[in-house]
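Single-structure report; data block below.
We name chains A, B, ... by the order of the sequence lines, and we start the count at 1 in each one. Only heavy atoms go into these numbers, but all of them, side chains included; no hydrogens, no water, no symmetry mates. What you see is a predicted model, and the numbers here were worked out from it, not measured in a lab.
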Number of protein chains: 2
Amino acid sequence: MNWDDARIFLALCREQTLRGAARVLGVDQATVGRRLASLEHALGATLFLRTSGGYSLTAAGEVAMAAALNMESSAAELQRQILGMDDRMSGVVRVTTTDSFAIDVVIPAIARLHQEQPGIEVQLQASTQMLNLSKREADIAVRTLKPENPDLIVRRVARWSSAIFASAAYVQAHGVPKPGTAFAGHDLVLYQPYLDSGKEVTLGSEPITHGRIAMTCTSGLLVRRALVNGLGIGEIPLPFGAADGLVRLWPARECPPYDIWLVTHKDVRHTARVRVVIDAIAEAFAAVSG
Amino acid sequence: MNWDDARIFLALCREQTLRGAARVLGVDQATVGRRLASLEHALGATLFLRTSGGYSLTAAGEVAMAAALNMESSAAELQRQILGMDDRMSGVVRVTTTDSFAIDVVIPAIARLHQEQPGIEVQLQASTQMLNLSKREADIAVRTLKPENPDLIVRRVARWSSAIFASAAYVQAHGVPKPGTAFAGHDLVLYQPYLDSGKEVTLGSEPITHGRIAMTCTSGLLVRRALVNGLGIGEIPLPFGAADGLVRLWPARECPPYDIWLVTHKDVRHTARVRVVIDAIAEAFAAVSG
DNA sequence: TGCCATCTATGCAGATTTGCATCACCAAGG
DNA sequence: CCTTGGTGATGCAAATCTGCATAGATGGCA
């Protein structure tokens with residue numbers, strides 16, 4: 001038995017004619033007739049008498065109508081609850097990003113959002129590994145790499161230049177490295193995945209061949225904290241350098257900018273609570289960038 | 001919203017995988033996936049998380065499942081009640097029972113009935129698990145446990161004593177165990193669910209502590225065949241012991257009898273073709289018992 | 001009676017849905 | 001390490017369903 005036939009059956013009960021039911025359902029009268037025939041065949045019973053002046057219920061049809069009304073109220077309840085649940089600004093939204101973005105952008109954004117939408121619970125996962133949005137391991141991801149998957153919706157929330165920074169104490173103690181000397185006599189703080197990538201390693205477009213590697217870090221936040229503590233020179237995005245009170249070296253030199261992407265799965269992007277979290281994060285990036 | 005999608009959704013809730021649901025529904029796994037997508041689109045909500053190792057319900061999905069279960073029971077009620085109004089002596093009647101009852105009682109009963117009522121098609125399902133009559137997974141059940149559901153009509157068709165039996169060959173080779181020795185030096189055939197029940201295990205009211213368990217079986221028929229093949233001593237109903245040509249041991253000793261119940265749903269009990277199948281089975285039990 | 005309005009039934013073409021085949025993925029086991 | 005058996009996704013052809021057009025039926029009304 002096809003449950004949807006009960007829906008057609010019920011419309012026909014109310015309208016008494018194929019055309020009337022078809023009009024209510026938004027289908028052709030032929031379809032109503034065929035679906036009814038299919039239901040009657042499946043049940044092995046005649047539900048309507050084809051009288052002149054319309055369809056009228058048989059005894060079996062009246063019994064069926066009572067049960068179909070129950071189905072209808074269950075179906076209506078299903079839709080009502082699901083729709084209500086989605087409209088309500090409550091529930092869990094899972095966000096994954098790097099620790100750096102989490103601390104300086106996402107957390108302030110969520111803090112502000114929480115004032116307006118206290119029902120939304122954000123589960124924030126700062127991780128070096130990329131969680132898989134397609135598998136619903138998270139609802140929203142903030143990344144610096146653009147994913148390829150066509151099911152994922154990507155939106156650029158910022159384009160940040162980076163530059164080399166050091167703490168004021170470091171500069172006072174070691175001075176500013178001379179461009180073109182490949183950091184001879186200087187301590188460097190590097191991002192570990194960058195070293196692992198196999199590409200030629202530079203800081204502020206300068207090779208690092210004569211510098212000492214003081215520390216390598218597996219996340220951007222660790223690099224920033226190392227710089228703040230005076231361990232050496234490192235390359236970080238401009239907004240973070242400013243936020244950390246670091247000294248920008250070689251302000252004239254340009255570094256290639258990189259983009260920050262906000263990624264969601266197409267299935268959840270229209271969910272209201274996901275939507276507002278996305279907007280809050282994007283706003284925060286705009287504020288930090290501007 | 002297509003009501004029939006709720007039926008697919010419910011199957012997926014129970015099976016956790018597209019393939020499993022597809023198997024139960026008798027359609028392709030691709031269809032299940034697309035119908036789910038259609039339902040989620042219609043509701044504007046994500047009902048399942050696509051995790052590794054299957055589909056698992058979201059919070060919205062759990063709400064939907066509760067309502068879908070209501071739809072299911074209404075749909076089942078509809079079918080049952082319509083079937084209950086059917087007074088034709090033709091059509092399908094589904095019977096579920098154990099393999100033992102099926103072979104020695106139900107099949108002979110149906111064979112006899114078929115002479116008089118060739119229009120009735122019995123679908124006989126021998127199964128260790130109990131099918132759900134309320135969901136109209138079957139029309140008639142023959143069981144040894146009395147169900148509690150007030151919507152089900154139970155009728156006792158037999159009260160059978162059981163006793164311990166062995167084949168003539170076994171008795172010739174091993175002799176008859178001495179009462180009170182807990183089957184020392186004898187091979188035993190046991191019913192697996194009885195072992196699993198946690199109760200103290202006895203055969204013919206005798207503890208089995210000194211016997212060797214030669215085999216455990218998951219159905220009564222398997223126990224009987226094991227006995228016929230001389231594997232050891234086992235407890236089976238008296239009529240089956242006689243039918244299989246086994247030797248009854250300790251004929252003086254009494255075993256507590258157990259009842260056999262014939263169960264139908266109240267909505268279908270008055271259906272003509274269900275009625276005659278019930279009567280045929282009950283008659284067959286009376287014949288075998290008497 | 002004749003005409004018209006309204007309804008249902010049905011042939012047919014197009015649209016939709018389905019199943020099949022295949023691919024990619026993952027975990028367990030050898 | 002590879003194989004194997006399970007999973008879900010997806011392109012494509014076939015089957016099914018739907019809508020349209022039309023024919024036939026029925027009842028109201030002049």
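Rounded to whole Å, atom P of D:dC17 lies 12 Å from atom NE2 of A:His41. Atom CZ in B:Phe48 sits roughly 12 Å away from atom P in D:dA9 (whole-Å rounding). Atom pair B:Gln29:CD and D:dA9:P shows a separation of 8 Å (rounding to whole Å applied). In this entry the distance linking CZ of A:Arg23 with P of D:dC20 reads 15 Å, nearest Å. Rounded to whole Å, atom P of C:dT8 lies 14 Å from atom CD of A:Glu40. Rounded to an integer number of Å, the gap from B:Tyr55 OH to C:dC26 C1' is 15 Å. A straight line from CG of B:Leu25 to P of C:dG19 spans 10 Å, rounded to a whole angstrom. The distance between atom CZ of B:Arg35 and atom P of C:dT17, rounded to the nearest whole Å, is 9 Å.
For B:Arg19 against D:dG8, a side-chain-to-base donor-acceptor contact under 3.5 Å is present. At a cut-off of 3.5 angstrom, counting only N and O atoms as typed in the model, there is no donor on one side facing an acceptor on the other between the side-chain of B:Arg34 and the base of D:dG8.
Across B:Ala6 and B:Met1, no two heavy atoms sit closer than the pair CB-CE, 4.3 Å.
Comparing atom distances between the A:Ala30 side chain and each of D:dT18, C:dT8, D:dG19 picks out D:dG19 as nearest. Distances from the side chain of A:Thr31 to the nucleotides C:dG19, D:dT18, C:dA9 place D:dT18 closest.
DNA chain D is contacted by both B:Asp28 and B:Gly20; B:Gly20 maps to the nucleotide lying nearer its 5′ end (nearest heavy atom per residue).
There is a side-chain donor-acceptor pair under 3.5 Å between A:Gln192 and A:Thr216.
For B:Glu72 (side chain) and B:Lys135 (main-chain N/O), no donor-acceptor pair under 3.5 Å exists by modelled atom type.
Ring orientation note: the planes of A:Phe285 and A:Trp160 are tilted relative to one another, at an angle of 30° to 60°.
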